[in-house]
**Q** 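Please find one structure pasted underneath; my questions will follow.
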Amino acid sequence: MCCIFTRLIQNMALASMPPDLATPAEKTLELRGDGGTGWSTVWRVALWARLRNPERAYANLKLLITKSTLPNMFDLCPPFQIDGNLGGPAAITEMLIQSTADEISVLPALPRQWPSGSLKGVRVRGGGKLDITWKEGQLTERRLQSDRAKKYRVSYGDRSAEVQIEPGKPLVLDGGLHTIGS
């Protein structure tokens, strides 16, 4: 994928992507098609996730695992491609958590094939660490902590809230972004 195209999508606002940018990005991905080598499929997963299209992201992840990955989980494309190997977990994380230095979006591209699950200890931009749990496709808990005082805008679906994290003090929020403890 073109580096400029990738940077454009990575730097777009998380809460809402302007249609004048999202539409051409989606069209470019459509024209390029799905699949390819491991590294290019990983990029497609991450880019579809950033465009908030969970089913296209999942379809490309499935292609990555079934067509571009050996039984030992190494990338199939010769020669050995580390970005195909390490990019898979990064793309999955992009489906579940997206962040900038000041904003965190949770479950932005959760496919219906993952109705329940959890993720623990994921580092987010800005120095935070996040644990999430979801059931039946709905966020049930989010635990955010940081080694330094930090303000984030956290979002889930169409809801968002500003939160202040104190160093070493975890902040626990429910799916409605209400504080439920620490």
Side-chain angles (χ1 to χ4, degrees), residues 1 5-6 8-19 21-71 73-77 83-100 103-125 129-144 154-160 173-177:
M1 293 281 158
F5 177 68
T6 301
L8 173 70
I9 290 178
Q10 287 176 334
N11 291 319
M12 287 181 186
L14 297 174
S16 63
M17 188 176 302
L21 296 177
T23 302
E26 287 177 4
K27 183 66 172 174
T28 301
L29 283 169
E30 292 280 344
L31 291 171
R32 293 187 66 100
D34 292 338
T37 62
W39 67 267
S40 66
T41 304
V42 161
W43 275 108
R44 284 179 181 85
V45 174
L47 293 171
W48 282 117
R50 187 57 72 144
L51 288 164
R52 308 287 171 99
N53 189 324
E55 301 316 318
R56 274 311 274 279
Y58 181 81
N60 277 276
L61 180 63
K62 192 172 177 182
L63 283 173
L64 175 71
I65 293 170
T66 60
K67 304 288 185 196
S68 296
T69 305
L70 294 167
M73 298 303 290
F74 283 164
D75 187 69
L76 185 60
C77 187
D83 40 352
N85 293 322
L86 301 179
I92 291 168
T93 303
E94 190 74 12
M95 293 170 74
L96 301 173
I97 298 171
Q98 296 175 9
S99 67
T100 65
E103 186 175 356
I104 302 169
S105 180
V106 178
L107 304 180
L110 179 69
R112 67 181 184 281
Q113 293 87 346
W114 299 342
S116 299
S118 65
L119 199 57
K120 298 197 183 298
V122 174
R123 297 301 263 175
V124 294
R125 290 177 178 91
K129 186 170 94 171
L130 184 65
D131 301 338
I132 60 171
T133 304
W134 68 96
K135 291 184 182 174
E136 299 176 15
Q138 299 298 311
L139 181 66
T140 57
E141 186 175 288
R142 170 187 350 209
R143 179 183 182 97
L144 181 60
V154 293
S155 63
Y156 168 62
D158 60 356
R159 294 175 293 240
S160 67
L173 303 169
D174 65 12
L177 303 181

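A quick note: this is a predicted structure, and the numbers were derived from the prediction, not measured. The analysis underlying the following values was restricted to heavy atoms, covering all of them including side chains, and did not include hydrogens, waters or symmetry mates.
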**Q** Out of curiosity, Leu110 CG to Gln138 CD, how far, rounded to the nearest 0.5 Å?
**A** 9.0 Å

**Q** If every non-hydrogen atom of Thr69 is compared with every non-hydrogen atom of Ile65, which pair is closest and at what distance?
**A** CB-O, 3.5 Å

**Q** Main chain of Pro54, side chain of Arg112: is a donor-acceptor contact present, judged purely on distance under 3.5 Å?
**A** no

**Q** How close do Ser155 and Arg142 get, heavy atom to heavy atom, and via which atoms?
**A** O-NH1, 3.5 Å

**Q** If you round to the nearest 0.5 Å, how far is CG of Leu130 from CD1 of Ile97?
**A** 4.5 Å

**Q** Less than 4.5 Å apart, any side-chain heavy atom of Leu96 and any of Trp114?
**A** yes

**Q** Return the set of residues passing side-chain hydrogen bond (donor to acceptor under 3.5 Å, both in side chains) with Tyr58 (not counting sequence neighbours), or none when no residue passes.
**A** none

**Q** Mind checking the CG-CG spacing from Leu64 to Leu76? Nearest 0.5 Å is all I need.
**A** 10.5 Å

**Q** Return the NZ to CD distance between Lys62 and Glu55, rounded to the nearest 0.5 Å.
**A** 11.0 Å

**Q** Hey, is the main chain of Glu141 close enough, under 3.5 Å, to the side chain of Asp174 for a donor-acceptor pair?
**A** no

**Q** Using side-chain hydrogen bond (donor to acceptor under 3.5 Å, both in side chains) as the criterion, list what pairs up with Asp34, not counting sequence neighbours.
**A** Arg56, Asn60

**Q** For residues Glu94 and Trp48, determine if any side-chain heavy atom of one lies less than 4.5 Å from a side-chain heavy atom of the other.
**A** no

**Q** Kindly indicate whether the side chain of Arg52, heavy atoms from C-beta on, has any atom under 4.5 Å from the side chain of Ser105.
**A** yes

**Q** Could I get the full list of side-chain hydrogen bond (donor to acceptor under 3.5 Å, both in side chains) partners for Ser116, not counting sequence neighbours?
**A** none

**Q** May I ask you to test the Ile92-Leu61 pair for a side-chain heavy-atom distance under 4.5 Å?
**A** yes

**Q** Would Arg32 and Thr28 satisfy side-chain hydrogen bond (donor to acceptor under 3.5 Å, both in side chains), going step by step from the backbone distance to the final call?
**A** CA-CA 6 Å; Arg32 293 187 66 100; Thr28 301; over 6 Å; no

**Q** Please say whether more than 12 non-hydrogen atoms of neighbouring residues, nucleotides or ligands are located less than 6.0 Å from CD in Glu30.
**A** yes

**Q** Just do the side chain to side chain contact (heavy atoms under 4.5 Å, CB included) check on Lys129 and Arg143 with the steps written out, would you?
**A** CA-CA 8 Å; Lys129 186 170 94 171; Arg143 179 183 182 97; over 6 Å; no

**Q** Between Thr133 (side chain) and Ser118 (backbone), is there a donor-acceptor pair under 3.5 Å?
**A** no

**Q** Measure from the side-chain N and O atoms of Arg159 to the backbone N and O of Gly176, and report whether any donor-acceptor pair falls under 3.5 Å.
**A** no

**Q** State, yes or no, whether a side-chain contact exists between Val154 and Leu177 at a heavy-atom distance under 4.5 Å.
**A** yes

**Q** So which atom in Leu70 and which in Asp75 form the shortest heavy-atom distance, rounded to 0.1 Å?
**A** CD1-O, 4.3 Å

**Q** Can you give me the closest heavy-atom contact between Thr37 and Ser68, atom names plus distance?
**A** C-OG, 4.1 Å

**Q** Kindly say whether Ala109 contributes a backbone atom to a donor-acceptor pair with the side chain of Gln98 at under 3.5 angstrom?
**A** no

**Q** So how far is it from Asn53 CG to Glu26 CD, rounded to the nearest 0.5 Å?
**A** 6.5 Å

**Q** What's the separation between atom CD1 in Ile132 and atom CG in Leu139, rounded to the nearest 0.5 Å?
**A** 6.5 Å

**Q** Quick one: closest heavy-atom pair of Ala91 and Val42, and the distance?
**A** CB-O, 3.9 Å

**Q** Leu119 and Trp134: which non-hydrogen atoms are nearest, and at how many Å?
**A** N-CZ3, 4.3 Å

